[in-house]
Amino acid sequence: RVLLPVQDVTPGTVAVLVRADGTQEVLKDSLTTEAGVSVPLSDGDTVKLVDNTKTFADVADTYWGADGVAFAASRELFHGTSATTFSPNGTMTRSMLVTALWRLEGEPEASGASGFPDVKPDAWYAEAVDWASQTGLVSGTGAGFDPEGSVTREQIASILYRYAKLKGWDVSKTASLQDFADGADTSAWATRAMEWAYAEKLITGKDGNRLDPQGQATRAEVAAILMRLLESKAEKA
(Lines give C-alpha, C1' and ligand atoms only; values in the text may rest on other atoms or scores of the structure.)
Protein backbone atom coordinates (compact mmCIF):
# COMPACT_ATOMS: atom_id res chain seq x y z
CA ARG A 1 0.00 0.00 0.00
CA VAL A 2 1.08 3.58 -0.66
CA LEU A 3 0.25 6.59 1.52
CA LEU A 4 -0.75 9.62 -0.53
CA PRO A 5 -0.26 12.69 1.69
CA VAL A 6 -3.17 15.10 1.78
CA GLN A 7 -4.61 17.44 4.39
CA ASP A 8 -8.17 17.76 5.66
CA VAL A 9 -9.26 14.26 4.70
CA THR A 10 -12.74 13.06 5.59
CA PRO A 11 -14.19 9.52 5.71
CA GLY A 12 -15.49 10.32 2.22
CA THR A 13 -12.08 11.10 0.73
CA VAL A 14 -11.26 8.38 -1.79
CA ALA A 15 -8.65 7.52 -4.39
CA VAL A 16 -9.87 7.21 -7.96
CA LEU A 17 -7.99 5.11 -10.49
CA VAL A 18 -7.66 6.89 -13.85
CA ARG A 19 -7.09 4.44 -16.71
CA ALA A 20 -5.30 5.17 -19.97
CA ASP A 21 -8.61 5.22 -21.85
CA GLY A 22 -9.95 7.92 -19.55
CA THR A 23 -12.31 5.71 -17.58
CA GLN A 24 -12.23 6.05 -13.81
CA GLU A 25 -12.93 3.78 -10.87
CA VAL A 26 -13.25 4.53 -7.18
CA LEU A 27 -10.78 2.35 -5.29
CA LYS A 28 -13.09 0.69 -2.79
CA ASP A 29 -10.30 -0.16 -0.35
CA SER A 30 -8.71 3.28 -0.19
CA LEU A 31 -8.45 4.23 3.48
CA THR A 32 -8.16 7.63 5.11
CA THR A 33 -5.57 8.29 7.80
CA GLU A 34 -4.45 11.38 9.67
CA ALA A 35 -1.63 11.79 7.15
CA GLY A 36 -3.58 11.17 3.94
CA VAL A 37 -5.10 8.30 1.97
CA SER A 38 -3.65 4.78 1.92
CA VAL A 39 -4.21 2.90 -1.34
CA PRO A 40 -3.02 -0.35 -2.94
CA LEU A 41 -1.18 0.62 -6.14
CA SER A 42 0.60 -1.19 -8.93
CA ASP A 43 3.44 0.21 -11.00
CA GLY A 44 2.16 2.69 -13.56
CA ASP A 45 -1.18 3.36 -11.86
CA THR A 46 -2.51 6.90 -12.07
CA VAL A 47 -4.79 8.00 -9.26
CA LYS A 48 -6.39 11.17 -8.03
CA LEU A 49 -7.91 12.01 -4.66
CA VAL A 50 -11.45 13.32 -4.48
CA ASP A 51 -14.01 14.02 -1.79
CA ASN A 52 -16.80 11.64 -2.77
CA THR A 53 -18.86 12.29 0.34
CA LYS A 54 -22.58 11.63 -0.04
CA THR A 55 -24.94 13.73 2.05
CA PHE A 56 -28.06 12.13 3.51
CA ALA A 57 -30.81 13.98 5.34
CA ASP A 58 -31.25 11.10 7.79
CA VAL A 59 -27.57 10.81 8.82
CA ALA A 60 -26.47 13.69 11.05
CA ASP A 61 -22.80 14.47 11.63
CA THR A 62 -23.33 13.53 15.29
CA TYR A 63 -24.85 10.13 14.48
CA TRP A 64 -22.75 7.29 15.95
CA GLY A 65 -22.48 5.58 12.55
CA ALA A 66 -21.84 8.67 10.45
CA ASP A 67 -18.24 7.70 9.62
CA GLY A 68 -19.22 4.19 8.59
CA VAL A 69 -22.04 5.48 6.40
CA ALA A 70 -19.71 8.04 4.80
CA PHE A 71 -17.10 5.35 4.22
CA ALA A 72 -19.47 2.86 2.60
CA ALA A 73 -21.38 5.42 0.54
CA SER A 74 -18.33 7.31 -0.76
CA ARG A 75 -16.75 4.04 -1.87
CA GLU A 76 -20.05 3.13 -3.52
CA LEU A 77 -20.41 -0.10 -1.56
CA PHE A 78 -23.87 1.06 -0.47
CA HIS A 79 -26.24 3.35 -2.29
CA GLY A 80 -28.85 5.51 -0.62
CA THR A 81 -32.41 4.30 -0.37
CA SER A 82 -33.42 7.51 -2.15
CA ALA A 83 -31.68 10.58 -3.50
CA THR A 84 -31.57 12.11 -0.01
CA THR A 85 -31.83 9.20 2.46
CA PHE A 86 -29.63 6.31 3.58
CA SER A 87 -32.04 4.65 6.04
CA PRO A 88 -29.26 3.91 8.55
CA ASN A 89 -31.62 2.08 10.90
CA GLY A 90 -33.15 0.04 8.11
CA THR A 91 -32.72 -3.71 8.13
CA MET A 92 -29.75 -5.13 6.25
CA THR A 93 -30.93 -7.79 3.84
CA ARG A 94 -29.09 -10.76 2.41
CA SER A 95 -29.11 -9.22 -1.05
CA MET A 96 -27.70 -5.91 0.24
CA LEU A 97 -24.80 -7.61 2.01
CA VAL A 98 -23.67 -9.78 -0.90
CA THR A 99 -24.01 -6.80 -3.25
CA ALA A 100 -21.75 -4.69 -1.03
CA LEU A 101 -19.08 -7.43 -1.06
CA TRP A 102 -19.50 -7.90 -4.82
CA ARG A 103 -18.90 -4.19 -5.34
CA LEU A 104 -15.91 -4.31 -3.00
CA GLU A 105 -14.49 -7.09 -5.16
CA GLY A 106 -14.89 -4.99 -8.32
CA GLU A 107 -18.19 -6.45 -9.54
CA PRO A 108 -16.73 -9.65 -11.02
CA GLU A 109 -18.74 -11.60 -13.57
CA ALA A 110 -20.11 -14.93 -12.46
CA SER A 111 -19.69 -17.94 -14.73
CA GLY A 112 -23.36 -18.79 -14.50
CA ALA A 113 -26.62 -18.23 -12.66
CA SER A 114 -27.02 -19.24 -9.03
CA GLY A 115 -30.16 -21.19 -9.80
CA PHE A 116 -32.09 -19.83 -6.81
CA PRO A 117 -35.78 -19.73 -7.80
CA ASP A 118 -36.38 -16.48 -5.90
CA VAL A 119 -33.56 -14.57 -7.66
CA LYS A 120 -34.84 -13.26 -10.97
CA PRO A 121 -32.19 -12.71 -13.66
CA ASP A 122 -33.10 -9.02 -13.95
CA ALA A 123 -33.05 -8.31 -10.20
CA TRP A 124 -30.63 -5.54 -9.17
CA TYR A 125 -28.77 -8.00 -6.96
CA ALA A 126 -28.77 -11.00 -9.35
CA GLU A 127 -25.14 -10.73 -10.48
CA ALA A 128 -23.95 -10.31 -6.91
CA VAL A 129 -25.90 -13.36 -5.72
CA ASP A 130 -24.57 -15.42 -8.63
CA TRP A 131 -21.00 -14.47 -7.69
CA ALA A 132 -21.53 -15.02 -3.95
CA SER A 133 -23.09 -18.41 -4.55
CA GLN A 134 -20.35 -19.63 -6.90
CA THR A 135 -17.55 -18.47 -4.60
CA GLY A 136 -19.14 -20.19 -1.61
CA LEU A 137 -19.83 -17.03 0.37
CA VAL A 138 -23.50 -17.89 0.70
CA SER A 139 -25.78 -20.83 0.29
CA GLY A 140 -29.50 -21.05 0.03
CA THR A 141 -32.05 -21.28 2.80
CA GLY A 142 -33.56 -24.49 1.47
CA ALA A 143 -36.36 -22.88 -0.53
CA GLY A 144 -34.14 -20.32 -2.27
CA PHE A 145 -31.83 -17.45 -1.44
CA ASP A 146 -34.34 -15.27 0.45
CA PRO A 147 -32.88 -12.02 -0.95
CA GLU A 148 -35.13 -9.76 1.12
CA GLY A 149 -34.56 -11.68 4.32
CA SER A 150 -32.65 -9.93 7.08
CA VAL A 151 -29.19 -11.12 8.08
CA THR A 152 -28.31 -11.79 11.69
CA ARG A 153 -25.07 -10.76 13.33
CA GLU A 154 -23.78 -14.33 13.31
CA GLN A 155 -24.68 -14.72 9.63
CA ILE A 156 -22.75 -11.53 8.84
CA ALA A 157 -19.74 -12.83 10.75
CA SER A 158 -19.90 -16.11 8.82
CA ILE A 159 -20.16 -14.44 5.41
CA LEU A 160 -17.28 -12.05 6.18
CA TYR A 161 -15.20 -14.95 7.52
CA ARG A 162 -15.69 -16.80 4.23
CA TYR A 163 -14.88 -13.62 2.31
CA ALA A 164 -11.64 -13.15 4.26
CA LYS A 165 -10.64 -16.75 3.53
CA LEU A 166 -11.54 -16.25 -0.15
CA LYS A 167 -9.13 -13.30 -0.18
CA GLY A 168 -6.41 -15.35 1.48
CA TRP A 169 -6.35 -13.19 4.61
CA ASP A 170 -5.20 -14.50 7.96
CA VAL A 171 -8.26 -15.62 9.92
CA SER A 172 -6.43 -17.39 12.74
CA LYS A 173 -7.13 -14.79 15.41
CA THR A 174 -9.89 -15.69 17.89
CA ALA A 175 -11.41 -14.40 21.10
CA SER A 176 -13.69 -16.18 23.56
CA LEU A 177 -17.40 -15.52 23.22
CA GLN A 178 -17.71 -16.33 26.92
CA ASP A 179 -16.86 -12.67 27.47
CA PHE A 180 -20.53 -12.04 26.74
CA ALA A 181 -23.55 -13.01 28.81
CA ASP A 182 -25.18 -14.55 25.73
CA GLY A 183 -22.06 -15.75 23.91
CA ALA A 184 -23.23 -19.35 24.21
CA ASP A 185 -26.31 -18.46 22.18
CA THR A 186 -24.17 -18.35 19.05
CA SER A 187 -25.06 -21.20 16.69
CA ALA A 188 -22.46 -23.96 16.46
CA TRP A 189 -21.97 -23.40 12.72
CA ALA A 190 -21.20 -19.70 13.32
CA THR A 191 -19.04 -19.95 16.44
CA ARG A 192 -15.63 -20.02 14.74
CA ALA A 193 -16.54 -17.08 12.49
CA MET A 194 -17.94 -15.07 15.38
CA GLU A 195 -14.81 -15.73 17.49
CA TRP A 196 -12.75 -14.32 14.61
CA ALA A 197 -15.07 -11.33 14.04
CA TYR A 198 -14.99 -10.49 17.75
CA ALA A 199 -11.20 -10.85 17.94
CA GLU A 200 -10.81 -8.52 14.95
CA LYS A 201 -13.27 -6.07 16.56
CA LEU A 202 -15.54 -6.27 13.53
CA ILE A 203 -18.49 -7.13 15.75
CA THR A 204 -18.60 -5.72 19.26
CA GLY A 205 -20.94 -6.07 22.21
CA LYS A 206 -24.19 -4.32 22.94
CA ASP A 207 -25.69 -2.92 26.11
CA GLY A 208 -25.89 -5.39 28.97
CA ASN A 209 -22.75 -7.23 27.88
CA ARG A 210 -24.68 -8.88 25.06
CA LEU A 211 -23.28 -10.23 21.80
CA ASP A 212 -26.80 -10.69 20.37
CA PRO A 213 -25.72 -13.25 17.75
CA GLN A 214 -29.28 -13.85 16.59
CA GLY A 215 -30.11 -10.16 16.39
CA GLN A 216 -30.60 -8.32 13.14
CA ALA A 217 -28.14 -5.71 11.94
CA THR A 218 -28.95 -2.31 10.50
CA ARG A 219 -27.49 -0.78 7.36
CA ALA A 220 -25.38 1.58 9.48
CA GLU A 221 -24.03 -1.28 11.58
CA VAL A 222 -22.95 -3.23 8.51
CA ALA A 223 -21.39 -0.11 6.97
CA ALA A 224 -19.30 0.26 10.15
CA ILE A 225 -18.37 -3.44 10.12
CA LEU A 226 -17.13 -3.23 6.52
CA MET A 227 -15.08 -0.15 7.37
CA ARG A 228 -13.49 -2.00 10.30
CA LEU A 229 -12.80 -5.03 8.06
CA LEU A 230 -10.85 -3.01 5.52
CA GLU A 231 -9.03 -1.02 8.18
CA SER A 232 -8.05 -4.25 9.95
CA LYS A 233 -6.69 -5.72 6.71
CA ALA A 234 -4.71 -2.56 5.95
CA GLU A 235 -3.10 -2.58 9.39
CA LYS A 236 -1.72 -6.06 8.71
CA ALA A 237 -0.51 -5.26 5.19
Tell me, please, which residues at least two apart from F180 pass ring pair (Phe, Tyr, Trp, His ring centres under 6.0 Å). Y198

Sequence neighbours left out, what pairs pass salt bridge (Lys or Arg N to Asp or Glu O under 4.0 Å) with at least one residue falling in residues 6-31? R19-E25

M96 vs T99 side-chain heavy atoms within contact, under 4.5 Å: no

Go through the side-chain N and O atoms of S95 and T93 and say whether any donor and acceptor fall under 3.5 Å apart. yes

Please tell me whether V14 and V69 are part of a single hydrophobic cluster in this structure, the criterion being side-chain heavy atoms less than 4.5 Å apart. no

Pairwise salt bridge (Lys or Arg N to Asp or Glu O under 4.0 Å) hits with a residue in residues 184-199, at least two apart: none

Can you find a heavy atom in the side chain of T191 that is under 4.5 Å from one in the side chain of W196? no

Quick one: ring-ring contact (aromatic ring centres under 6.0 Å, His included) pairs with a partner in residues 37-75, sequence neighbours left out? F56-F86

Enumerate the salt bridge (Lys or Arg N to Asp or Glu O under 4.0 Å) contacts for residues 205-226, please, sequence neighbours excluded, ordered by first and then second residue. K206-D212

Listing request: all salt bridge (Lys or Arg N to Asp or Glu O under 4.0 Å) pairs with a residue in residues 54-80, at least two apart in sequence or in separate chains. none

Listed by chain and number, what are the side-chain hydrogen bond (donor to acceptor under 3.5 Å, both in side chains) partners of T135, not counting sequence neighbours? none

Taking C-beta and beyond as the side chain, do Y125 and E148 meet within less than 4.5 Å on heavy atoms? yes

Could you work out, with salt bridge (charged side-chain N to carboxylate O under 4.0 Å, His left out) as the rule, every residue matching K167, not counting sequence neighbours? E105

Could I get the full list of ring pair (Phe, Tyr, Trp, His ring centres under 6.0 Å) partners for W124, not counting sequence neighbours? none

With side-chain hydrogen bond (donor to acceptor under 3.5 Å, both in side chains) as the test, would you mind laying out the steps for E154 and S187 before giving the verdict? CA-CA 8 Å; E154 67 178 15; S187 299; 2.7 Å; yes

Applying a strict under-4.5 Å side-chain criterion to I, L, V, M, F, W and Y, I'd like to know whether I156 and L166 cluster together. yes

Transitively linked via ILVMFWY side-chain contacts under 4.5 Å: V26 with W102? no

Who else is in the cluster with L41 when I, L, V, M, F, W and Y are joined by side-chain contacts under 4.5 Å? V2, L4, V6, V9, L17, L27, V37, V39, V47, L49

Give me each pair satisfying ring-ring contact (aromatic ring centres under 6.0 Å, His included) with a member in residues 12-45, each pair once, sequence neighbours excluded. none

With sequence neighbours excluded, tell me which residues meet side chain to side chain contact (heavy atoms under 4.5 Å, CB included) with K201. none

